[in-house]
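What follows is a short report on a single structure.
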Amino acid sequence: MEEHCSCEGYDFQKIEAFWQAKWQQHKTFAADPITSKKRKYYVLDMFPYPSGAGLHIGHPEGYTASDILARYKRSCGFNVLHPMGWDAFGLPAEQHAILTGQAPSINTAHNIEHFREQIRRLGFAIDWDREINTTDPLYYRWTQWIFLQFFKHGLAYVDERPVWWCPELKSVLANEEVISGYSERGHHPVERKNLRQWVLRITAYADKLLESLPILDWPESTKQQQIAWIGRSEGTEIQFILKDQPDSLWVYTTRCDTIYGVSYLVLAPEHPLLPKIVPLTHRRAVEDYIAQTKRKSDLERTGLAKEKTGVFTGTYALHPLTHQYVPIWIADYVLGTYGTAAVMAVPAHDERDFEFAQKFGLDILSVIRPKHSSGHDDIATCIPFCDDGVLCHSQTFDGLDSYQARQKITEHLKTLGRGKISVHYKLHDWLFSRQRYWGEPIPILWVREEDYHRCLSLADFYFKEFLPQEAVTYNSKGITWVAIPLSSEQLPLTLPPISSYLPSDSGESPLKRAKDFCDVWLHIRTGEVQAHVKGEHRDAHWVHAHRETNTMPQWAGSCWYHLRYLSPHYDAALVDPQDLHYWASPDFYIGGAEHAVLHLLYARFWHRFLFDIGFVENPEPYPRLFHQGIILGEDGNKMSKSRGNVVNPDDIIQMYGADTLRLYEMFLGPLEAMKPWNTHGIEGSFRFLKKVWRLVLQENGSILQNFSEKDDEALAVLLHESIRKVTEDIENLRFNTAISQMMIFVNEATPARISQHSVKQLLSLLAPFAPHMAEELWCRLGESFSIVQAPWPQADPQYLYRDRIKIVIMIDGKARDEMEVALDCSQEEALALATSRKKIHSFLREKSIQRVIWVAQKLINLVLK
RNA sequence: GCCCUGGUGGCGGAAUGGUAGACGCUGAGGACUUAAAAUCCUUUGUCCGUAAGGACGUGCGGGUUCAAGUCCCGCCCUGGGCACCA
């Protein structure tokens, strides 16, 4: 094989193809074995969903950033792991299958080919031997295994619950996939529907996920989003006894200091007690209202036109402290899914209650006044007053401030047996099943209750491994079915081929169509599963079972992929403990901010769970996270087909090469910033690379002969300043200023002023950004393959030191002149020098110096009278 | 409404409280060329001035400081997230 590419000019296509082939052939970027004495560095990208559209211009941004870091750390002597894979389950592939009838696996494989080739052509330093694919049964075997761990520990359960159902997609969607009444993908309207679902008990981890947030090196905005999403709120639950009825109502409030201002209670239309407590006289109105609410789309109910609606239930409750009766209403501004689905309404101190009370003519009792006033005028003018303040009209609690009052009143209610401290979260348990084909099958069988009990009575039933303490069951047509897990030897449970990928109109999974997959015989002793068992073999241990046909949501595979990269071929566990011990957590994780609460919260949950059950060593999966910004279209808008402002990376590579594309995307601006693409701008990066090329080679492609023996002194200083700056900037992910520093150096460097050795140092600095060109010129200068194995250049302090330095002379804080002084120049010397200068002298003619500010090595500022 | 970002030339952006506008793009002028491409040189915040030089200038209004794009207070606007969560 050739040492380098044999083109004369900068033929980037030839050069890039040449080096990509060479890297692949030599496995240049394979991580060293874990026996390596080097320190490790694990760089992780959020792996892509291989869509049919191929790579968009945003992908190379994050990938180039992580690649620069990977290559830089490698040069610094680290054992670097930089893997890539595919998050390949998901709806688009399924919809493609519905349209074409082709199995999603075929289309997915095809898309992956395309993605891999596109990524390869960007020249990333990836260890391709570790490529993973969430749809590979050898991968999802472990996704299923983790699910069974959740099941075993009581964190996976089934529940008949209202879910978001999208008739257009014929699919159930998670809360997070619904945006103000429409599906996130496709923007179709959604409605509520009751379906049996698998749910993961993420709420059990709410506090853990909250508590470890502060120690993470993450963008502050993402932490804030997670805090808001979890939505922890501390307050009081208060019991209200109903008038003339045995039942009582619990309400939840964070403002129990306002309890003397309660003038009515409000229940959510979904409140379970409603059918019991509404008297006949009001039943009709209440039922009508409930029906009305159900018909409302979520957009109508929570949308911007929030006109309050509601009806009186005809029932009253006893105020626990004033002992007066307050009316109970229902209104859809109280949510059925939060708190106790019931609130105490305090119109004087809550905007929503105020609006409602005004509309329906309910009492407004003011019991809090602003801290720094006592006049009645204030109270009248600032209602509703929703801040903390001082209590009034609150019997023995008058005069207390809100904070103290909350504690005292809660305490008082507790002694009366009418209240308790309570914590609620906005976070709901994670709806974990989808009625789809293209996802991980949930590895559960359903058997009749009596068969389940027969199993348990055996000494050695097969599914002990994942047996939960409490059975998971559901009821259908009078039969109780019990969930029993597969064993780990039975994993992976692979997707069966099916004839049509369309879900049924009732919303059941297309897997239902695979009869041999769904209806099976199970041997309760061995766990053997067969579609058909011949009569003569059918002993008493064979029972009928049906498989769970729901599949997991797309987020499942990405919850633990950071672990699988460490030992992608290991088959005794999800990760080899030795690999895990060596590589530990990613040292750097980069991806888009759009995953701030979905992927990043789910992955933290799974990882924390794996930590709790002893399978990983660190409680948090991603100690250091970074979001690259979005690259906008040239018009400053988000790139989109409809706007026609999409830039295709393939076209850019064709015209300028991958090195230029990489360099330009990094030069555009700060990595985290949102920045518009500019077609003219890329010329600058291209010109810079051509300049570097000409710094080494003549027009005919031979090496320049007139390199200086030694660097020009000023250029040597600039080189070492550049080494220092580029190194520092890479460490701080400030790639745009690192590039501009290299430009400054190259603008100054001419063959006559620079030594070959210094050119090579420059190439080392450039290598992480434009690896193909750096590699090519490196080898043409007679160095051996590969430049990534050359050590990172070190800035020589000898060149960074200067004995004379430029300082600024200011008059009244304005720069007027500058001069060169000795490094150790004193204030007196500087003052003498400054005042002797003609220009400064003219300022001193009419005024005298009142004060001198001396900042050593920087400036002298003369303040005049 | 609440939480989080950001606001600097014609454009993308740069500036540990210390010469605002580095670097790149664009524009203008020039060199090379029969011509073009490529390359190179000069210039490019606004205003006054022939020039030297001066005044103004980092969303708006105040403040702290010898000195503010940077720190503090108030406001306006862009982008992102949440949104009747009691």
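Please read these numbers as outputs of a predicted model, since none were measured by experiment. Residue numbers start from 1 in every chain, and the chains themselves are labelled A, B, ... in the order their sequence lines are given, proteins ahead of strands.
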Over how many whole Å does the gap from A/Lys426 atom NZ to B/rC84 atom P extend? 9 Å
Need one value for A/Gln225: base, sugar-phosphate or nothing, where a base atom within 4.0 Å counts as base even if backbone is also close, heavy atoms only. sugar-phosphate
What contact category does A/Val855 fall into here, base, sugar-phosphate, or nothing, at under 4.0 angstrom with non-hydrogen atoms? base
Please list, chain by chain and in numerical order, all residues satisfying salt bridge (charged side-chain N to carboxylate O under 4.0 Å, His left out) with A/Lys690, sequence neighbours excluded. none
With P as the reference atom in both, quote the distance from B/rA83 to B/rG7 in angstrom, rounded to an integer. 28 Å
At 4.0 Å (heavy atoms only), tell me whether A/Gly681 reaches a base, stays on the sugar-phosphate, or touches nothing. sugar-phosphate
Of B/rU16, B/rA86, B/rC84, the nucleotide closest to the side chain of A/Lys858 is B/rU16
Using the P atom in both, what is the distance from B/rG1 to B/rG69, to the nearest Å? 31 Å
Quiz question: by atom type and distance under 3.5 Å, do the side chains of A/Asp257 and A/Ser402 form a donor-acceptor pair? yes
With sugar-phosphate meaning primed atoms plus P, OP1 and OP2, does A/Lys806 contact a base, only sugar-phosphate, or nothing at under 4.0 Å between heavy atoms? base
Out of B/rA86, B/rC23, B/rU19, which nucleotide sits closest to the side chain of A/Thr254? B/rA86
Which residues satisfy the side chain to side chain donor-acceptor pair (under 3.5 Å) test with A/Thr340, sequence neighbours excluded? none
Side chain of A/Asp332 only, please: which of B/rC84, B/rC23, B/rC4 is the nearest? B/rC84
Just compare B/rC25, B/rC23, B/rA14 and give me whichever is closest to any side-chain atom of A/His680. B/rC25
Among A/Thr254, A/Thr258, A/Asp388, which residue meets the side chain to side chain donor-acceptor pair (under 3.5 Å) test with A/Arg406? A/Asp388
OP1 or OP2 of B/rA86 less than 4.0 angstrom from a side-chain nitrogen or oxygen of A/Ser233, does that happen here? yes
B/rA55 pairs with, by Watson-Crick or G-U criteria that keep both distances under 3.5 Å: B/rU46
Tell me: CD1 of A/Ile853 to C1' of B/rG18, nearest whole Å? 11 Å
Among B/rG79, B/rU19, B/rA86, which nucleotide has an atom closest to any side-chain atom of A/Tyr338? B/rA86
If you find the nucleotide of RNA chain B closest to A/Ser221 and the one closest to A/Ala341, which residue's nucleotide is nearer the 5' end? A/Ser221
Tell me the interatomic distance from A/Ile631, atom CD1, to B/rG13, atom C1', rounded to whole angstroms. 14 Å
Proximity of A/Phe688 and A/Phe667 rings by center, below 6.0 Å: no
B/rG57 and B/rA20: how far apart are their C1' atoms, nearest whole angstrom? 9 Å
Under 4.0 angstrom between A/Tyr664 side-chain N/O and B/rG24 OP1 or OP2: no
Partner lookup for B/rG74, please. Criteria are Watson-Crick or G-U wobble with both distances under 3.5 angstrom; report none if nothing qualifies. B/rC60
Is the A/Phe686 ring parallel, tilted or perpendicular to the A/Tyr10 ring (thresholds 30°, 60°)? tilted
Pick the P atom in B/rC2 and in B/rG54, then give their distance to the nearest Å. 48 Å
Ignoring the backbone of A/Pro670, work out which of B/rC82, B/rA86, B/rG13 is nearest its side chain. B/rG13
Would you tell me whether A/Asp363 and A/Tyr264 have side-chain atoms, one donor and one acceptor, within less than 3.5 Å of each other? no
Report which part of the nucleic acid A/Asp353 touches: base, sugar-phosphate, or nothing (heavy-atom distance under 4.0 Å, all strands). nothing
Sequence neighbours excluded, which residues qualify as side chain to side chain contact (heavy atoms under 4.5 Å, CB included) partners of A/His424? A/Glu237, A/Tyr252, A/Tyr338, A/Ser422
Are any of A/Asn861's side-chain N or O atoms less than 4.0 Å away from OP1 or OP2 of B/rG18? no
For nucleotides B/rC73 and B/rA86, find the distance between their C1' atoms and express it as a whole number of Å. 33 Å
Has the side chain of A/Lys308 got a donor or acceptor that lies under 3.5 Å from a partner of the other kind on the base of B/rC84? yes
B/rG45 versus B/rA37 - spacing of their P atoms, nearest Å: 26 Å
Considering heavy-atom distances to RNA chain B, does A/Gly684 or A/Ala342 have its closest nucleotide positioned more toward the 5' end? A/Gly684
What is the distance, rounded to the nearest whole Å, between atom CD of A/Gln226 and atom P of B/rC82? 13 Å
What distance, rounded to whole Å, do you find between the two P atoms, one in B/rU5 and one in B/rG74? 16 Å
Nucleotides 49-55 of chain B: protein proximity per nucleotide (B base, S sugar-phosphate only, - neither; heavy atom, under 4.0 Å): -----SS
Which one is paired to B/rC40, where only Watson-Crick or G-U wobble pairs with both distances under 3.5 angstrom count? B/rG30
When all nucleic acid strands are considered with a 4.0 Å heavy-atom cut-off, which category describes A/Leu859: base, sugar-phosphate, or nothing? base
Within 90° of 0 counts as syn, otherwise anti: where does B/rG9 fall? syn
Plane angle bin for A/Phe360 and A/Phe356 - parallel if under 30°, tilted between 30 and 60°, otherwise perpendicular: tilted
Side chain of A/Thr737 only, please: which of B/rA15, B/rG13, B/rC84 is the nearest? B/rA15
Just checking A/Lys638: does its NZ atom have more than 12 heavy atoms from other residues, nucleotides or ligands closer to it than 6.0 angstrom? no
Pairwise C1' distance, B/rC56 and B/rG49 [rounded to whole Å]: 15 Å
note: A/Ile860, atom CD1; B/rG18, atom C1'; distance rounded to Å ~ 13 Å
Report the base-pairing partner of B/rA14 (Watson-Crick or G-U wobble, both distances below 3.5 angstrom), or none. none
Euclidean distance, atom CZ of residue A/Arg734 to atom P of B/rG24 [Å, nearest integer]: 19 Å
Is there a side chain to side chain contact (heavy atoms under 4.5 Å, CB included) between A/Ile811 and A/Lys839 once you walk through the steps? CA-CA 11 Å; A/Ile811 305 286; A/Lys839 207 166 155 185; over 6 Å; no
Roughly how many Å is it from CD in A/Glu220 to C1' in B/rG6, rounded to a whole number? 16 Å
Proximal nucleotide (of B/rC66, B/rC23, B/rC84) relative to the A/Arg851 side chain: B/rC66
Nearest-Å distance for atom pair CG/P, residues A/Asp388 and B/rA86: 13 Å
Tell me, please, which residues at least two apart from A/Asp207 pass salt bridge (charged side-chain N to carboxylate O under 4.0 Å, His left out). A/Arg232
Donor-acceptor pair, side chain of A/Arg418 and main chain of A/Leu321, under 3.5 angstrom: no
In numerical order, the residues of residues 686-694 of chain A whose heavy atoms come under 4.0 Å of RNA chain B are A/Arg687, A/Lys690, A/Lys691, A/Arg694
Is the NZ or CZ atom of A/Arg604 positioned over A/Trp229's six-membered ring, under 6.0 angstrom from the centre and within 45° of the axis? no
